[in-house]
Asker: 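Here's a structure for you.
Remember, it's 1-based here, ligands and their atoms both numbered in the order they're listed.
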Amino acid sequence: MRHRSSVIALVSVLGTVAVMRSVACAPARSGRAAAAEAVYVAPGEWDKYYGFLSGGQSGSVFVVGIPSGRLIREIPVFEPRAAYGYAVHENDARRQELKATGGTWGDTHHPAPSEKDGVYDGRYLWINDLANARLGRIRLDVFETDRILKIPNLQGAHGIAVVSPDTKYIVVNGEFEQPTDGMATNPAPYTSVVAFVDPEAMEVRFQVRVNGNIDIADSSKDGRYAFSTVYNLEQGKDMESMMVLDRDAVAAIDIPLAEKAVAEGKGHVRNGVPILEPDEVPGLLTLVPVPKNPHGINATPDGRYVVASGKLSPTVSIIDAKTLKILAEPEVGLGPLHTTFDDRGNAYTSLFIDSQVVKWNIEKALAGAPDYIVDRVDVHYNIGHLQAVGGETMRPAGDYLLALNKLSKDQYLPVGPDMPESQELIDISGEKMKVIASFPTPPEPHDAVFIAADVLSPKVKQVFDLGKDAVASGQEGIVRTGPRSVTVNMTMIRSAYKPETIEVREGDRITFRMTNVETIRDMTHGFALPDHDLNVALPPGYTKTIEVGAGKPGVYWFYCTNFCSALHLEMRGRLVVQPRDSKVEVADWKSASNVSGAVAGVPSTGAQP
Ligand code: K7E
Ligand code: CUA
Ligand code: CA
C-alpha cells in the first residue's frame with residue numbers, strides 16, 4: 001500500500017522501537033531445527049510450489065520456490081532486463097512497445113494466474129503496472145511476458161483480479177481518478193472506471209464507471225460480481241478530504257448485467273471502449289458501505305462471503321457474496337489490509353500497524369462467538385499483503401502462508417539506509433501459526449500467488465517452438481536488402497555463430513535475425529555486440545530480430561554472454577564495418593541493385609511468444 005499520514009505516524013513510532021541487532025547473536029529458539037527441516041529442500045530436489053511475487057517498482061515478477069524461498073527466476077515485464085535479453089536495445093520491438101505504452105519501467109502489484117473450475121490451470125499469469133495503466137500477461141509455459149496492454153480511460157491500474165471460476169475477464173481497477181473529459185480545468189468531481197479485459201485477446205471489452213478511488217479487486221467465485229474496495233467515496237483530491245466519511249464502500253459490479261447492457265449498445269464509447277454509467281443501468285453497481293478507507297477485498301474459497309479489510313478501522317467486514325448484505329464486522333486488530341484463507345474455514349488477515357498476522361474463524365465470527373480469534377503471530381515488520389497457498393482459489397492448501405512485509409529493518413545484514421524487502425513464511429498447518437523462514441528480495445513485492453509444482457512443471461516447455469521467423473540451419477547468410485540495409489540470417493549452436501564474419505559498410509542498417517537452433521533445455525546463447533548497446537539472450541529454439549546501425553568503421557567482436565560449453569569463450573564472431581569510401585567489397589554488396597524483397601520485411605515482433 002502507499003502512504004497515508006496516520007499510518008506513517010504509527011510506522012515512525014514503531015521505527016524507534018526497533019532494536020539494532022548484531023550478527024549471529026540470536027538466541028537458540030525452540031523448534032529451530034523443526035523450522036529448518038520444514039523449509040529445507042535438499043540440493044537437486046524441487047520445491048513444492050512456485051511462488052510468484054510481484055516485483056513492485058522492479059517492474060517484474062519474482063519466482064521463488066516455496067518453502068525454500070530460493071529465487072528461481074525473475075520475469076521482466078515492464079522493465080528491460082539484460083540478464084534475459086529483454087527489451088534491452090533501443091530498437092527491440094518489446095522496448096518500443098513499452099515506450100509506446102507508457103515507459104520502460106512499471107510498478108507491479110498483483111499477480112493473477114488463470115483459473116479453470118476455480119483453481120489455477122498454469123496457463124497465464126497477469127500482472128498490473130499501476131504507474132502506467134498497463135496489464136502484462138506472462139505465458140507460464142515459457143515464463144516470459146507475451147503481451148502488454150495499455151488500458152485506456154484510466155490512471156493508476158491498481159487492483160486486478162481474474163474473474164472466477166474460468167477466467168472470463170481480467171478486472172483492472174483505475175485507482176487514480178480523472179476529470180471525465182481529461183481536462184485539468186474541469187471543476188466536476190473526478191471519476192474512474194473498472195476495466196474488463198478479455199484474457200485471450202488482451203483487449204478491453206467494456207468499462208464501468210465507479211467513483212471513489214477503486215482500490216483492490218476480486219471476483220465472486222461464481223463469476224457474478226466483480227468486487228472492489230473504494231476508499232474515497234468523498235471524491236476528495238487530498239488526503240484529508242479522503243478521510244471524512246466514517247464509511248466508504250465495497251463496489252459490486254453485476255457482470256452478466258454489464259454484458260447485457262453492452263450487448264444492447266448502452267454506454268458511450270471512449271477511446272474504442274464502451275463505458276457503462278451505473279445511473280443508466282439499474283442494478284449494475286451496488287455500493288456496500290464498509291468502514292473508513294477499506295483496502296483488501298477477498299472472496300472466501302467456498303464462494304459464500306467476501307471479506308473487506310478495514311485499514312483505518314480495526315475490523316473486517318464479512319459480506320454475503322450473493323445478497324451483498326454485511327453479515328458481521330469483527331474486530332481483528334490495527335491496520336487490517338488483506339485477508340487470505342485455509343481449507344479449514346479460517347481467515348488470516350494482515351495487520352499493518354500491529355505487524356501481525358491474525359488468524360480468525362469465519363463461522364465463529366459470523367455467530368458472534370467470543371473466541372473467533374484463533375491465533376496471532378508477529379511479523380517483521382509492517383505487513384502488507386499475505387497469501388496462503390491457494391487462498392484465492394476454491395481449493396486452498398492450508399499449509400503455508402507468506403507474509404509480505406513492507407519493512408525489514410534489522411532482519412538482514414545491513415546494506416545502508418535502504419534495506420531489502422522481507423518475506424516470512426508461516427506454517428499454518430496447525431492451530432498455532434509458526435514463522436519458519438524469512439527471505440529478502442529486491443523492492444518491492446506487494447502480493448504473491450503460489451502454483452503447485454505438480455500442476456505447473458509438466459506444462460513448462462523445454463525449448464521454444466521455432467517461430468515463423470526462425471532461421472533454419474543451412475539458411476544462414478548475409479543478404480543486402482537495399483543500398484543501406486543488410487539482413488544477417490544467423491543461427492547459433494554450441495559453439496559457433498553462423499555466419500562468423502559479417503562485413504558491412506558505414507551507414508548500413510543491419511537487421512540481425514537470430515535463431516538458437518539448440519534442441520536441449522538450458523542451452524541458452526547470448527549475443528553481445530560491443531559499442532552497439534546490444535545484448536540479447538536466446539534460449540533454445542528462440543528467434544530474435546533486431547535492427548542496429550553499423551556504427552563507426554572498425555572491427556567489433558560479438559560474443560556469447562551465456563557460458564554454454566568448453567568452447568564458450570571461442571563462441572564469437574566479427575562485425576567488420578568498412579568506411580563509407582572503402583574500396584573493399586562488403587558482403588553481397590554487388591547485389592545491392594537487384595535485391596528488392598530479398599527479405600520480405602523485418603518481422604515486427606522482437607519477442608517470441
Ligand atoms: Cu500494496 Cu495490493 Cu498495491 Cu495492499 S497493495 S499492501
Ligand atoms: Cu554460447 Cu556461450
Ligand atoms: Ca474515505
Asker: If you measure from each heavy atom of Ile216 to ligand 1, is any distance below 4.0 Å?
Answerer: yes
Asker: Can you sort out which atoms of ligand 1 are near Lys406, meaning under 4.0 Å from one of its heavy atoms?
Answerer: 1 (Cu), 6 (S)
Asker: Could you tell me whether any N, O or S atom belonging to His338 is less than 2.8 Å from atom 2 (Cu) of ligand 1?
Answerer: no
Asker: Not counting sequence neighbours, which residues clear ring pair (Phe, Tyr, Trp, His ring centres under 6.0 Å) with Phe78? List them please.
Answerer: none
Asker: Taking only heavy atoms of Gly384, which atoms of ligand 1 are found under 4.0 Å from at least one of them?
Answerer: 6 (S)
Asker: Can you tell me if, anywhere in His295, an N/O/S atom lies at a distance from atom 4 (Cu) of ligand 1 that is smaller than 2.8 Å?
Answerer: yes
Asker: For Phe352, does its backbone N or O pair with a side-chain atom of Asn382 as donor and acceptor, under 3.5 Å?
Answerer: yes
Asker: Considering the heavy atoms of His446, write down every atom of ligand 1 situated less than 4.0 Å from one of them.
Answerer: 1 (Cu), 3 (Cu), 5 (S)
Asker: Please list, in number order, the atoms of ligand 1 under 4.0 Å from a heavy atom of His110.
Answerer: 2 (Cu), 3 (Cu), 5 (S)
Asker: Taking 4.0 angstrom as the limit and counting only heavy atoms of His158, give me the atoms of ligand 1 inside it, by number and element.
Answerer: 3 (Cu), 5 (S)
Asker: Could you tell me whether Tyr556 and His532 have their ring centroids closer than 6.0 angstrom?
Answerer: yes
Asker: Report the relative orientation of the aromatic rings in His110 and His158; use parallel for angles under 30°, tilted for 30 to 60°, perpendicular for over 60°.
Answerer: tilted
Asker: Numbering the atoms of ligand 1 from 1, which are under 4.0 Å from a heavy atom of His385?
Answerer: 2 (Cu), 4 (Cu), 5 (S), 6 (S)
Asker: Verify the ring-centre separation between Phe558 and Tyr497: is it less than 6.0 angstrom?
Answerer: yes
Asker: With sequence neighbours excluded, tell me which residues meet side-chain hydrogen bond (donor to acceptor under 3.5 Å, both in side chains) with Glu115.
Answerer: Ser164
